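Below is one structure, written out as structure tokens; the observations come after it.
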Number of protein chains: 2
Amino acid sequence: MQVIILNILFMTQNNQPKYRSNCPISSALDIIGDKWSLLIIRDMMFANKKTYSDFSKSSEGIATNILSSRLLMLEQLGLINKGKLEGNKKTNIYSLTKKGQELLPIILEIAQWSDKNLNEHLKDGAKPFVHKFKSNKDDFIKNMYHYFATREA
Amino acid sequence: MQVIILNILFMTQNNQPKYRSNCPISSALDIIGDKWSLLIIRDMMFANKKTYSDFSKSSEGIATNILSSRLLMLEQLGLINKGKLEGNKKTNIYSLTKKGQELLPIILEIAQWSDKNLNEHLKDGAKPFVHKFKSNKDDFIKNMYHYFATREA
DNA sequence: AATTATTACTTGCATATTGCAAGTAATTAA
DNA sequence: TTAATTACTTGCAATATGCAAGTAATAATT
């Protein structure tokens, strides 16, 4: 019996994550409903961050123990992969799986919501980005997926 | 100086909520980046829940103290309103503000993501709903906003 | 070859948040 | 007049998060 306790979800005896209900919204929140998971994903998507130390340098200042547990959880749930570059045995390279990449529309809708509803305190830097997303969401998302793919190669 | 401590965000001396950074994604997560806030919003949107006891009967089983603090936070941040029905001095009626209603696209994208990526354990009941959303997102959202408006009247 | 730096963590402990059970005060219903 | 409902609060235990320091392996520098 695996005893790894993840911070949000945890594994039952049969090694299945335990969800609060079978509602799709609730179940997603069991995974990404916290302050940090989506920020790690954000940094992978938009800042091309790949390594533990990359993530630990986020402007929000994630604690290393939280980072560690989140990376493990995201990996176990299949949102990210953990790998190495050849010729380097030290540095772990984290990358988004398809399942992880597909969080993009959620993140973009969040950005759009904030842009509209929280802009008293937000910097204007994200405005052109959000504006472009709004003008043609499907294209924007398609282009981002293509960008993810080319980045890997 | 107001000393109300909200569970996620908290107020500074000048009564402004304190965000971790000025990133739109991080700032939204300062508000809705927890396991419960979006579930309350979900219940208001899709189950037409309005009262404290409505919310306390969610299938995920929110604790009443958490419910209480979340309702207060959502109200203070302008995502929901608190009111009464005339002729009833007891029951509080909570309703979504525009700011709160506009979380709909986020929630729908979350539902779509779960439908695709978590469906081992999800019930099929939400499938037609998600399918309809996918077929024409803009229309779907417009119809939902219209539904919210007519419900109030 | 030896020292230093970097990377990816873990550990311990304090603080904050959540979960649970019980209690309360103000209505409203029987 | 009593009972039930509603909207909470309170106390305490359990979890999760935050912070500082430590560690082991690898890689870079001298």
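Proteins get letters first, then strands, A, B, ... in listed order; numbering begins at 1 in each. Note that the structure is predicted; figures quoted are calculated from it, not measured. Quick note: numbers below take in every heavy atom, side chains included, and nothing from hydrogens, waters or symmetry partners.
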* Qualifying residue for ring-ring contact (aromatic ring centres under 6.0 Å, His included) with B:F140, from B:Y147, B:F129, B:Y145 -> B:F129
* Grab the NZ-P distance between A:K89 and D:dA28 for me, whole Å please. => 13 Å
* Once you round it to whole Å, what is the distance between C1' of D:dG18 and CG of A:L67? -> 13 Å
* Asked: Quick one: A:K35 NZ to C:dT15 C1', roughly how many Å, whole number?
  -> 12 Å
* Test B:S27 against B:D30 for side chain to side chain donor-acceptor pair (under 3.5 Å), laying out the working first. => CA-CA 5 Å; B:S27 300; B:D30 287 331; 4.7 Å; no
* Would you call B:E60-B:R42 a salt bridge at under 4.0 Å N-O? -> yes
* To do: Answer yes or no: is there an ion pair linking A:D43 with A:K49, defined by an N-O contact shorter than 4.0 Å?
  => yes
* Would you confirm whether B:S68, through its side chain, and B:N65, through its main-chain N or O, come within 3.5 Å as a donor-acceptor pair? => no
* Measure from CD1 on B:I62 to C1' on C:dA21 and round the result to the nearest Å. => 16 Å
Distances under 3.5 Å only, N/O to N/O: pair up the protein atoms with those of nucleotides 5-10 of chain C.
from, atom 1, to, atom 2, distance (Å)
C:dT6, O2, A:K90, NZ, 2.5
C:dA8, OP1, A:N92, N, 2.9
C:dA8, OP1, A:N92, O, 3.2
C:dA8, OP2, A:Y52, N, 3.3
C:dA8, OP2, A:S53, N, 2.9
C:dA8, OP2, A:S53, OG, 3.4
C:dA8, O3', A:N92, ND2, 3.4
C:dC9, OP1, A:K82, NZ, 3.4
C:dC9, OP2, A:N92, ND2, 3.0
C:dC9, OP2, A:Y94, OH, 2.5
C:dT10, OP2, A:S68, OG, 2.7
C:dT10, O4, A:T64, OG1, 2.9

* Asked: To the nearest angstrom, how far is B:I66 atom CD1 from D:dA14 atom C1'?
  -> 12 Å
* Look at B:W36 and C:dG19 and indicate whether a side-chain polar atom (N or O) is within less than 4.0 Å of OP1 or OP2. => yes
* Please tell me which of A:N88 and A:G61 maps to the more 5' nucleotide of DNA chain D, matching each residue to the nucleotide holding its nearest heavy atom. => A:G61
* Using atom CZ of B:R20 as one end and atom P of D:dT17 as the other, report the distance to the nearest whole Å. => 11 Å
* Answer yes or no: is there a side-chain heavy-atom contact under 4.5 Å between A:K116 and B:K98? => yes
